[in-house]
2 protein chains.
Amino acid sequence: MTSIAPAAASPEELLRGAGLRVTAARVAALRAVGENQHATTDAVLGSVRSELGTVSVQAVYDVLHALTDAGLLRRIEPAGHPARYERRTGDNHHHIVCRSCGAIGDVDCTVGHAPCLTPSDDHGFVVETAEVTYWGLCPDCRGKAPGADPATQP
Amino acid sequence: MTSIAPAAASPEELLRGAGLRVTAARVAALRAVGENQHATTDAVLGSVRSELGTVSVQAVYDVLHALTDAGLLRRIEPAGHPARYERRTGDNHHHIVCRSCGAIGDVDCTVGHAPCLTPSDDHGFVVETAEVTYWGLCPDCRGKAPGADPATQP
DNA sequence: CCCTAAACTGGAATCATTCCAGTTGAGTGG
DNA sequence: CCACTCAACTGGAATGATTCCAGTTTAGGG
């Protein structure tokens with residue numbers, strides 16, 4: 001019925017739909033994250049520059065903030081790693097992060113919906129969101145990781 | 001029966017028990033975190049300095065790392081806020097963080113033990129731990145926070 | 001009491017991110 | 001179709017948390 005945001009809307013449509021100005025930097029950044037989910041700011045910067053030529057660092061930070069605020073991107077900030085961005089927004093999914101290289105995978109909560117998302121004691125806080133982060137080693141880092149059990153390897 | 005780590009062991013005992021050298025900086029840092037749970041590095045630095053006089057920034061970072069590695073402290077790193085440390089280790093409890101001031105409260109998982117701590121899809125990762133972070137506003141920040149619903153207030 | 005590795009000092013460096021002041025350009029209204 | 005205005009972008013400096021480094025001190029075993 002409604003068609004506010006078609007499944008595969010173009011970057012331009014997404015931006016207009018969110019009430020944002022359409023600029024080359026924003027279109028490029030949106031596409032960059034679409035092609036490389038969980039991209040770092042640096043990766044987006046590289047991608048945007050390879051498409052547009054000279055783009056300032058600040059512009060990319062501004063763009064990513066604007067897109068995040070508008071709900072077109074979601075920012076992920078794993079402890080000890082630079083921020084990353086993804087296009088999957090709205091649904092409450094979680095992330096699995098590699099301790100070694102910072103690689104990220106999406107994880108849907110097993111238990112249907114928000115199992116432990118209501119704290120037992122909220123200390124008077126107004127709880128807005130809950131996020132679950134799984135920490136481990138990605139397939140690439142498993143073999144070469146220091147401290148890994150040698151017996152585990154072939 | 002066993003008494004490897006008595007409930008209220010002194011800082012010195014804790015350090016020896018963990019196989020660490022007993023130094024003034026470590027004792028002071030351990031006490032500082034004990035008296036001020038969820039203390040920031042900066043808070044620990046201030047506390048240690050007020051007790052010992054001149055102590056280098058590096059020393060406090062070293063001490064906190066050593067104590068964390070030894071399992072005497074647990075480090076908490078909320079996105080966008082400096083790291084904090086607590087004495088409660090071993091048990092898998094979670095945290096509620098104030099978006100505004102970074103204040104932290106402890107939260108035991110409601111659902112007994114580790115409900116959503118097994119990801120539905122691990123992407124080939126070896127999962128080591130899962131952490132849950134609740135985001136919200138602490139009682140202090142609730143009133144003065146920007147963007148708060150005015151109708152909610154008395 | 002002496003010796004050595006571990007811990008500490010203090011200053012410089014790094015990394016992600018933000019601040020700032022001036023310039024450019026998207027989109028609106030004439 | 002053009003002019004105008006505010007949001008967006010530029011580039012360089014600044015910030016804040018943390019780490020690196022080379023030299024000095026000290027805990028604690030021998």
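Since we're looking at a predicted model, the values are computed, not measured. Note on naming: letters A, B, ... go to the chains in the order of the sequence lines (proteins, then strands), and numbering restarts at 1 for each one.
Using a 3.5 Å distance cut-off with no hydrogens or angles, the side chains of H38(B) and D106(B) do pair a donor with an acceptor. Side-chain N/O atoms of H95(B) and E131(B) include no donor and acceptor closer than 3.5 Å.
In terms of modelled atom types and a separation under 3.5 Å, the side chain of R49(B) and the main chain of V55(B) share a donor-acceptor contact.
Taking 4.0 angstrom as the limit, R21(A) places none of its side-chain polar atoms (N or O) nearer than this to OP1 or OP2 of dC6(D). Neither OP1 nor OP2 of dT19(D) sits under 4.0 Å from any side-chain N or O of Y61(B).
Along DNA chain C, the stretch of nucleotides lying under 4.0 Å from any heavy atom of chain A spans, 5' to 3', dA16(C) to dG27(C).
With L64(A) as the partner, the side chain to side chain contact (heavy atoms under 4.5 Å, CB included) test is satisfied by one option alone out of D69(A), T41(A), L45(A): T41(A).
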Show me the side-chain donor-acceptor pairs of residues 71-82 of chain B shorter than 3.5 Å, one per line, residues at least two apart or across chains.
residue : atom : partner : partner atom : Å
R74(B)  : NH1  : H93(B)  : O            : 3.0
R74(B)  : NH2  : H93(B)  : O            : 3.1
R75(B)  : NE   : Y85(B)  : OH           : 3.3
R75(B)  : NH2  : H65(B)  : NE2          : 2.7
R75(B)  : NH2  : Y85(B)  : OH           : 3.1

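Every side-chain hydrogen bond (donor to acceptor under 3.5 Å, both in side chains) that E128(B) has, sequence neighbours left out, goes to R99(A).
Between R26(B) and A66(B), the shortest heavy-atom contact is NH2-CB, 4.0 Å. Contact record, Y134(A) with A130(B): CD2-CB, 3.7 Å, taken as the closest heavy-atom pair.
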Go through it in stages, so that I can follow the logic: the residues are L67(A) and L20(A), the test is side chain to side chain contact (heavy atoms under 4.5 Å, CB included), and I'd like the CA-CA distance, side-chain angles, deciding distance and then a yes or no. CA-CA 9 Å; L67(A) 298 182; L20(A) 293 176; 4.0 Å; yes
Going through the distances and angles, do R31(A) and V44(A) end up as a side chain to side chain contact (heavy atoms under 4.5 Å, CB included)? CA-CA 9 Å; R31(A) 181 152 39 220; V44(A) 174; over 6 Å; no
Quick one: do H123(A) and I96(B) satisfy side chain to side chain contact (heavy atoms under 4.5 Å, CB included)? Show the steps, please. CA-CA 8 Å; H123(A) 295 269; I96(B) 180 167; 4.2 Å; yes
Checking R87(B) against L30(B) for the side chain to side chain contact (heavy atoms under 4.5 Å, CB included) test, could you report, in this order, the C-alpha distance in whole Å, the side-chain angles of both residues, the deciding distance, and whether it holds? CA-CA 8 Å; R87(B) 288 284 291 268; L30(B) 212 38; 4.0 Å; yes
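Residues from residues 24-55 of chain B with heavy atoms under 4.0 angstrom of DNA chain C, sorted by number: A25(B), R26(B), T54(B), V55(B). Residues from residues 62-83 of chain A lying near DNA chain C, meaning a heavy-atom separation below 4.0 Å, are H65(A), P82(A), A83(A) in numerical order.
Remark on DNA chain D: of its neighbouring residues L20(B) and V57(B), the 5'-side contact belongs to V57(B), judged by nearest-heavy-atom nucleotide.
Taking 4.0 Å as the cut-off between side-chain N and carboxylate O, D108(B) and R88(B) count as a salt-bridged pair.
For the pair Q58(B) CD and dG23(D) C1', the computed distance is 14 Å after rounding to whole Å.
If one axis is set at each end of the helix from dC1(C)-dG30(D) to dG30(C)-dC1(D) from five pairs, those axes are 30° apart, to 10°.
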